[in-house]
Amino acid sequence: MHFDAIIVGSGAGGSAAAYYLVQSGRRVLLLERGPELPRDGSTLDVEQVFARHAFVETERWVDARGRAIVPEERSNLGGKTRWYGAALLRFSREEFQGDPDRQFLPWPIAADELTPFYEAAEQLLGVRTFPIEPDLARIAAHLAGPWRGWDVRPLPLGLSAGILDHPEEAKHFDGFASPRGLKADGQSAFLERVRNHPNLVIATGRTVTDLLAWDADPQRVIGVVCDDGTVHRAQHVLLAGGALHSPRLLQSYFERTGLARTLPSACVVGRHYKSHVLTAVLALSPRRKTDSLRKTALFLHDDFPHSSVQPLGWFDGEFFSAIAPSWLPKPLARLAGPRLYGFFLQTEDGSHRDNRILAHAHGIGRPKLDYDLARIPQARDEHRRLVARFKRDLLAAGLMPLSQPIPVTGTAHACGTLVAGNDPAVSVVGADGRVHGMDNLYVVDGSVLPRSSRVNPALTIYAWSLRVASGLAQRIEQERTRNEQPPARAGHPVWA
C-alpha cells in the first residue's frame, strides 16, 4: 500500500492523528515499538505492575551528573495513555501566553484555535466528572474551610460511566491499564474506532531507528527505517514517540544529513525539557478509607497560581506494601495502606534551554536526560511552598502527611524538547505542527508543548494532534488533486 502518512508512536498524539487521518480517507501506517498489552488481567495486578515493573522499559540513560538512570517509560500500543490516570483538563487561556519572568515560552497559537479540537477530544474520550466520595468530601471540606482557601473543583476524567460496576477496575485505573476498555486512552478512544479500516495498517514491535531522506534534498523525508532493516515510505511522516524519544530521532537525522549545521532550529532540538515539578503526598488517617475512584476532585489555591493538587487512586495494604520504601516492614505497610489517602502535587516548570534530552551523552552510548531544578528556581520555590502548605492543612484536618518528591525518572508528564513556536531560532515546530525547515515532517506528541500548564498535559496533546492532522489532511487532499490520485475512500472525520 502507498501511504499518505507514517506515524511513529501510538500514544496520545499518534493515536489521535491516526484516527483523524484514517477517518479523512488518508492511507496511514502506524508504527509502535512496543506490543499490544494483554487483556488477561495482568495489567491490573499490583505485583506485576508496581512490584516487578513488568510493563516498564529497561533502557538505561544517564542523568545530568552522568549517573545511570532508567526513566519510567512505556512501550505498548496506546503508549503511556494506557497507564495514565485519565485526568483530562484543558489549559487555561493565560497558559498559552509567555512569561519571561517565569521562563514560560509562548504558544504559536491562541487558545481559541485549540478550542474545537479540545471539544472533539473530550467527546471522543467521553470526559465526565464523578461525585466526590465520602472520605474525600470530608478532606475537601477541611481544605476549603476558613483560613485555608483551597478551591475544590470536579476533576474531568476519561472513565466509563459504568466503571463503578467493576470494582477491580475502579480501584485500579490510576497507574494501571484497563483490559475492558473502561478507561479512555489512545487505543480505546481513537485506534479501536478505525482499527478495521482498510486504509490503516498498525505494526507493533517496530522501532524506528532513522528517517529516510530524499536524495535530492534532506529537508524532505520520504520514509523511515526500522530496527529490523525494513524501510517504509510515505508522503509525510509524523513523530509521536514522546518527549524523550522523538528528539533523539530528529537529532540523529540532523547530524547524519548535515542539517544540524544549516537549520536554525537544529540547535533547539532536545532543549526546554519539562515534566512538572511533582511530589506525592500520602495522608495517614486513624480511620480506614473506603472511597473507590478517589481521583474525583482538583484542588487549586490563589497563593500557588501555577500549581494544582489532585488525589491519587486507590490505596490498600497490598498496593502500599508494593510501593513502600524498603525500610518500612511489609506488615506495617499492609496495616497502613487502607488508612492512606494519596495526593499528587504538581507545579509548571519553566523552560530552560539546558534542561534537555541528548541522543548520546559525550563519550557514552547512552542517551542523556539533563534536568536540574536549580535552573528553574521560580517553579522550584513555588512547589516547595505548595508542599509545605498542603501538608500543614492536611495536618490541621487530622491527617499525618508524608511527602516524596518524584525524581527525574518519573516521566509521566514529560513534554518540551521539540517546542512549537514561530521563530525557528528558538523553536523546532511551527504552528502547523511541521518542523521548521522541513517540507513534510510533523510532530504531534507532547514534545511540542511550549508550556505544560498546572494540570496534566494529555488532553492538550490529543487536541494539538487533531488540529495538526486536520491541516495535514487538507494538504494531502490538495496534493492528490494536483496529482489526480483517487482517494482511498470518501468521508470526513466524525467525533463519535
Side-chain angles (χ1 to χ4, degrees), residues 41-76 80 82-85 168 171-177 244 275-289 291 294-295 309-346 366-373 380 383-384 386-388 390-391 394-395 399-414:
S42 58
T43 59
L44 298 180
D45 186 273
V46 171
E47 178 70 16
Q48 291 277 355
V49 175
F50 283 93
R52 299 183 185 178
H53 303 286
F55 302 99
V56 179
E57 289 186 16
T58 58
E59 183 181 21
R60 295 174 70 84
W61 291 52
V62 295
D63 66 7
R65 299 182 182 179
R67 297 171 297 190
I69 58 172
V70 180
E72 296 176 4
E73 290 289 282
R74 313 273 186 167
S75 288
N76 51 258
K80 286 190 282 189
R82 294 300 314 276
W83 305 94
Y84 69 173
E168 186 69 9
K171 295 176 181 179
H172 297 91
F173 75 88
D174 190 6
F176 298 85
L244 270 70
S275 60
H276 284 133
V277 189
L278 302 168
T279 296
V281 172
L282 300 182
L284 180 63
S285 169
R287 301 193 309 177
R288 296 174 68 91
K289 303 301 180 186
D291 292 353
R294 303 194 178 203
K295 195 171 183 175
V309 177
Q310 59 188 253
L312 293 168
W314 171 263
F315 270 87
D316 62 8
E318 179 192 13
F319 181 67
F320 187 52
S321 65
I323 66 169
S326 58
W327 54 263
L328 184 66
K330 295 291 184 182
L332 187 58
R334 281 190 282 269
L335 179 65
R339 294 167 171 80
L340 288 172
Y341 223 99
F343 296 91
F344 200 52
L345 283 61
Q346 58 191 48
R366 297 175 186 166
K368 185 175 184 179
L369 173 50
D370 188 344
Y371 183 81
D372 189 345
L373 285 177
R380 178 199 62 196
H383 191 74
R384 286 175 177 172
L386 170 73
V387 173
F390 193 71
K391 289 172 65 176
L394 286 176
L395 192 60
L399 302 168
M400 177 62 69
L402 305 169
S403 61
Q404 177 62 54
I406 304 301
V408 68
T409 52
T411 56
H413 292 187

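Worth saying up front: this structure is predicted, and the values here are computed from it rather than measured. Computation of the quantities below employed the complete heavy-atom set of this structure, encompassing side-chain atoms and omitting hydrogens, waters and symmetry-equivalent molecules.
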Closest heavy-atom pair and its distance - P71, L244: CB-CD2, 3.9 Å
Using side-chain contact (heavy atoms from CB on, under 4.5 Å), reason through L340 and L284 one step at a time and then give a plain yes or no. CA-CA 5 Å; L340 288 172; L284 180 63; 3.9 Å; yes
How long is the straight-line distance from CZ of F173 back to CH2 of W83, given to the nearest 0.5 Å? 14.5 Å
Distance col, row L394:CG vs M400:CE, nearest 0.5 angstrom, shows 11.0 Å
Pairs where residues 401-414 contributes a residue and the test side chain to side chain donor-acceptor pair (under 3.5 Å) is met, not counting sequence neighbours: E73-T411, H276-H413, K391-S403
Under the side-chain contact (heavy atoms from CB on, under 4.5 Å) rule, collect the residues that match up with I406, sequence neighbours excluded. L278, A280, F344
Let me see the working for R67 and V62 under side-chain contact (heavy atoms from CB on, under 4.5 Å), right down to the final yes or no. CA-CA 5 Å; R67 297 171 297 190; V62 295; over 6 Å; no
Nearest-0.5 Å distance that lies between atom CG in L44 and atom NZ in K171: 12.5 Å
Between V70 and V56, is the side-chain contact (heavy atoms from CB on, under 4.5 Å) condition met? List the steps. CA-CA 9 Å; V70 180; V56 179; 5.5 Å; no
Which residue pairs pass the side chain to side chain donor-acceptor pair (under 3.5 Å) test with at least one member in residues 312-324, sequence neighbours excluded? W314-D316
Determine whether F315 and R294 satisfy the following criterion, side-chain contact (heavy atoms from CB on, under 4.5 Å), listing intermediate values before the conclusion. CA-CA 9 Å; F315 270 87; R294 303 194 178 203; 4.0 Å; yes
Which residues satisfy the salt bridge (Lys or Arg N to Asp or Glu O under 4.0 Å) test with R334, sequence neighbours excluded? none
What closest approach, in Å, do D174 and G85 show between heavy atoms, and which atom pair accounts for it? OD1-CA, 3.3 Å
On a heavy-atom basis, which atom in A322 and which in A51 lie closest, and how many Å separate them? CB-CB, 4.3 Å
List for me each residue that meets ring pair (Phe, Tyr, Trp, His ring centres under 6.0 Å) alongside F390, sequence neighbours excluded, and say none if there are none. W150, F343
List the residues meeting side chain to side chain donor-acceptor pair (under 3.5 Å) with S285, not counting sequence neighbours, and say none if there are none. K289
Residue among K80, E57, E59 satisfying side-chain hydrogen bond (donor to acceptor under 3.5 Å, both in side chains) with S75: E57
Any idea which heavy atoms bring T279 and P405 closest together, and the distance? OG1-CA, 3.9 Å
Testing the basics here: between G175 and V49, what is the closest heavy-atom pair and its distance to 0.1 Å? O-CG1, 3.6 Å
Here the gap from L282 atom CG to I323 atom CD1, rounded to the nearest 0.5 Å, amounts to 6.5 Å
Heavy-atom nearest pair, A333 first then F320, reads O-CD2, 3.3 Å
Distance, nearest 0.5 Å, that separates CG of L312 from NZ of K295: 7.0 Å
For the atom pair CZ (F176) and CD (E168), what is the distance rounded to the nearest 0.5 Å? 8.5 Å
